[in-house]
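Take a look at the structure set out below.
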Amino acid sequence: MNRPVCVRLPPSPTGLLHVGSARTFVYNWLFARGVGGRVVLRFEDTDTERSTAGAIEQALRVLGWLGIDWDDGPYRQTERFPLYAAAAARLVTSGAAYRCYCTAEELEAERERRRAAELPLIYGGRCRSLDSAQQAAFEAEGRGFAVRLAVPREGVTSIVDVVRGSVEWDNALLGDHVIMRSDGSPTYQFANPFDDIDMGITHVIRGEDLLSSTPRQLALYQALGAEPPTYCHLPMVLGTDKKRLSKRHGAVSVEEFRDRGVIADALVNYVALVGWSYDDHTTYMTRGELRERFTLERVNRSPGVFDPDKLEWLNGEHLRALDAGAFTALLLEHLQRIGSRLADQPARVAEAAPLAHEKLRLLSQFEGLCGFLFGPVEIDPIAWDKVAAEPEAAQSLAAVLAELAGVAEWRAGAIEAALRAACDATGLKPRVVFTPVRVAITGGTVSPGLYESLELLGRDESLARIRAAAGRLATAA
RNA sequence: GCCCCCAUCGGCUAGCGGCCUAGGCCCCCGCCCUUUCAAGGCGGUAACACGGGUUCGAAUCCCGUUGGGGGUACCA
């Protein structure tokens, strides 16, 4: 049977959106959009201890920022509890599941016994064969119960995973897992596959960490007589120490990268490349290219290390591919989001944006590069030391001041001519003449183009800053 | 302990038996361009984990070893 493709994005709202999850969402989305399938958004908040409403809001915003959309939802599993309860009750009635009265202590004792005997640490199934009298006795004792699925104990469960090929498990090693907790809430192992069945999910694309729970979930499909989905287990995303990516590795959430000035298209592009490639040489891809090129068949098997350096480089590529208007808009949006003082002068940002466009890898670098255009200069001490150590600095500034005085129209072209003239007049190299000017007006040795910077700064302010530097040099000498 | 997955340069990867004296990108190192820094151009260092097979031929197939990762919850 060939059902219309349908995937799901199942965030568990317990914190910031991890780039590993983002990668999974991107693959689901790229795959579904590429084949004209549907996307369902479903918050898996059955862990009520750790789930928060704030995290849901946050996830919604981040998904929007990433440009990942969906056709159905957002659902919240906590709003579907009655469904799970009813389904579990039916399962118990049919004998596919059963009540387990074991206490936490009893369970722990059993695990200990198994550990000692070097046996697999699974539930032995004590309550699976309780007769009604024994059940009644436990109930009379006032013991609560959880519901466990009666998982087959013989044979093997196997799948043909899109990326891993065929994988199989010995059913004897599975054990009966809990599907309903004693407080009446469903577990992930139940709610997740139940919803997948209920929502008609055809392709389960998720991290490899979930590979080993597949046979348990398949047991539910079997108990419910549902057609299993196509599975696709993605390789893990690791940190530089080859351990699963976590906060220890620095920035790991989409929000953090966004606030550093990574743009959505770059993040989507980068993340798509950890675990997948289009060919032997393509790196930069637009969202549209990704959509049309992505296939699950080219997802690879081995885990990949998340490399912030390459992400930043790619971000620079995406930034440079933007036209001036789009770049400025994104830059402004970023400055506003992080609450930068520069956001108060949007017109100035628009003027300065072109000067920084070719240089940035991250939008957050804009402030450091162009901040001198937005207020008083702060001279970097190290940069100033270089100027002070240059014997020709004073002479250079004086010559530049003299030449600049004759500039009729304060434009980059005329300014350049004046600076060149200063070089000729003093017989000094441009490098020697320009450095003190650069430090005087921008405060540092790294800046956008000098002529353009001077033009934008304006005649009066530029001359004032150069005079101030000359004065400071004279005082020091 | 038990189960599952994985294994090409420092990182991301191409490679699906001969096209590989292993290609691309990031990082790093030189050089060029240049008013600084970026960007760009050119060049360089650097990998098939190991051991057995199979084959005329193995990075590619099989087995084992080692190493890494994941799971083993009334977390997801």
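Protein chains get the first letters and strands the later ones, always in sequence-line order, with residue 1 at the start of each.
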Using both distances under 3.5 Å as the test, list the Watson-Crick or G-U wobble partner of [N], or none.
| N | answer |
| --- | --- |
| B:A49 | B:U65 |
| B:C2 | B:G71 |
| B:C42 | B:G30 |

Any salt bridge between A:R301 and A:E208, counting N to O under 4.0 Å? no
Electrostatic pair A:D195-A:R8, nearest N-O below 4.0 angstrom: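 Between A:R8 and A:D195 there is no salt bridge, as every charged N stays at least 4.0 Å from the carboxylate O atoms.
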Roughly how far apart, to the nearest Å, are [N] and [M] at atom [atom1]?
| N | M | atom1 | answer |
| --- | --- | --- | --- |
| B:C16 | B:A7 | P | 16 Å |
| B:G1 | B:A58 | P | 36 Å |
| B:G10 | B:G44 | C1' | 16 Å |
| B:U65 | B:A59 | P | 23 Å |
| B:G18 | B:C26 | C1' | 32 Å |
| B:G15 | B:A76 | P | 38 Å |
| B:C74 | B:C27 | C1' | 47 Å |
| B:A38 | B:C29 | P | 11 Å |

So which one's nearest nucleotide on RNA chain B is more toward 5', A:R320 or A:E168? A:E168
Which of these nucleotides, [options], is closest to any side-chain atom of [X]?
| X | options | result |
| --- | --- | --- |
| A:V305 | B:A73, B:C12, B:C6 | B:C12 |
| A:W313 | B:U35, B:C27, B:G1 | B:C27 |
| A:L107 | B:C3, B:U13, B:C74 | B:C74 |
| A:K310 | B:C74, B:C6, B:C26 | B:C26 |
| A:S302 | B:U36, B:C3, B:C6 | B:C6 |
| A:W169 | B:G40, B:C4, B:C37 | B:C4 |
| A:N300 | B:C74, B:A14, B:C2 | B:A14 |
| A:V178 | B:C26, B:G40, B:C74 | B:C74 |

Of the options A:R114, A:R113, A:R115, which is the one that meets A:E108 in a salt bridge (charged side-chain N to carboxylate O under 4.0 Å, His left out)?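 Testing each of A:R114, A:R113, A:R115 against A:E108, the sole residue satisfying salt bridge (charged side-chain N to carboxylate O under 4.0 Å, His left out) is A:R115.
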Taking the cut-offs as 6.0 angstrom to the six-membered ring centre and 45 degrees off its axis, would you call [X] and [Y] a cation-pi pair?
| X | Y | result |
| --- | --- | --- |
| A:R148 | A:Y123 | yes |
| A:R128 | A:Y98 | no |
| A:R472 | A:W384 | yes |
| A:R23 | A:Y27 | yes |

Starting from [atom2] on [N], measure out to [atom1] on [X] and report it in whole angstrom.
| X | N | atom1 | atom2 | result |
| --- | --- | --- | --- | --- |
| A:I382 | B:C37 | CD1 | P | 16 Å |
| A:R42 | B:A76 | CZ | P | 13 Å |
| A:E312 | B:C27 | CD | C1' | 12 Å |

Base, sugar-phosphate, or nothing for [X], non-hydrogen atoms under 4.0 angstrom?
| X | result |
| --- | --- |
| A:T46 | sugar-phosphate |
| A:Y451 | base |
| A:R206 | nothing |
| A:E452 | nothing |
| A:T445 | base |
| A:G175 | nothing |
| A:S182 | base |
| A:L450 | base |

Gap separating the CG atom of A:D45 from the CD atom of A:E79, nearest 0.5 angstrom: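 Reported to 0.5 Å precision, the distance equals 7.5 Å.
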Distance in Å, A:T435 OG1 paired with A:L428 CG, rounded so as to fall on 0.5 Å steps: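 One gets 11.0 Å once the value is rounded to the nearest 0.5 Å.
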Stepwise, does the salt bridge (Lys or Arg N to Asp or Glu O under 4.0 Å) test hold for A:K386 with A:E390? CA-CA 6 Å; A:K386 276 186 195 159; A:E390 170 55 64; over 6 Å; no
In [range], which residues come under 4.0 Å of RNA chain B by heavy atom?
| range | answer |
| --- | --- |
| residues 146-160 of chain A | A:A146, A:R148 |
| residues 383-396 of chain A | none |
| residues 353-362 of chain A | A:E358, A:K359, A:R361 |

Under the side chain to side chain contact (heavy atoms under 4.5 Å, CB included) test, which residues partner A:A324, sequence neighbours left out? none
Can a donor-acceptor pair under 3.5 Å be found between the side-chain atoms of A:S447 and the base atoms of B:C37?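 Looking at the base of B:C37, it does not pair with any donor or acceptor on the side chain of A:S447 (distance under 3.5 Å).
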Does a distance-only test, which skips hydrogens and angles, find a donor-acceptor pair under 3.5 Å between the side chain of A:R438 and the base of B:U35? yes
N/O (side chain, A:R298) to phosphate O (OP1/OP2, B:U13) under 4.0 Å: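 No, no such contact exists.
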Between A:F194 and A:Y84, does the ring centre distance come in under 6.0 Å? yes
Taking the six-membered ring for Trp and the single ring otherwise, decide whether the centroids of A:Y270 and A:F257 are under 6.0 Å apart.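 Ring centroids of A:Y270 and A:F257 are no less than 6.0 Å from each other.
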Considering only nitrogen or oxygen atoms on both sides, find all protein atoms under 3.5 Å from nucleotides 62-72 of chain B and state each distance.
{"unit_1": "B:G69", "atom_1": "OP1", "unit_2": "A:K243", "atom_2": "NZ", "d": "2.1"}
{"unit_1": "B:G70", "atom_1": "O3'", "unit_2": "A:R244", "atom_2": "NH1", "d": "3.3"}
{"unit_1": "B:G70", "atom_1": "O2'", "unit_2": "A:D209", "atom_2": "O", "d": "3.4"}
{"unit_1": "B:G71", "atom_1": "OP1", "unit_2": "A:R244", "atom_2": "NH1", "d": "3.0"}
{"unit_1": "B:G71", "atom_1": "O4'", "unit_2": "A:S212", "atom_2": "OG", "d": "3.4"}
{"unit_1": "B:G71", "atom_1": "O2'", "unit_2": "A:S212", "atom_2": "OG", "d": "3.2"}
{"unit_1": "B:U72", "atom_1": "O2'", "unit_2": "A:L121", "atom_2": "O", "d": "3.1"}

Identify, with sequence neighbours excluded, every residue that meets side-chain hydrogen bond (donor to acceptor under 3.5 Å, both in side chains) alongside A:R320.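 Residues passing side-chain hydrogen bond (donor to acceptor under 3.5 Å, both in side chains) with A:R320: A:E317.
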Residue pair A:Y101 / A:E139, side-chain donor-acceptor N/O under 3.5 Å: yes
If you apply the rule salt bridge (Lys or Arg N to Asp or Glu O under 4.0 Å), what do you find for A:R126 with A:E110, and how did you get there? CA-CA 10 Å; A:R126 185 182 71 156; A:E110 180 184 357; over 6 Å; no
Salt bridge (Lys or Arg N to Asp or Glu O under 4.0 Å), that's the test. Do A:R143 and A:E106 meet it? Break it down for me. CA-CA 13 Å; A:R143 283 168 87 129; A:E106 290 167 339; 2.5 Å; yes
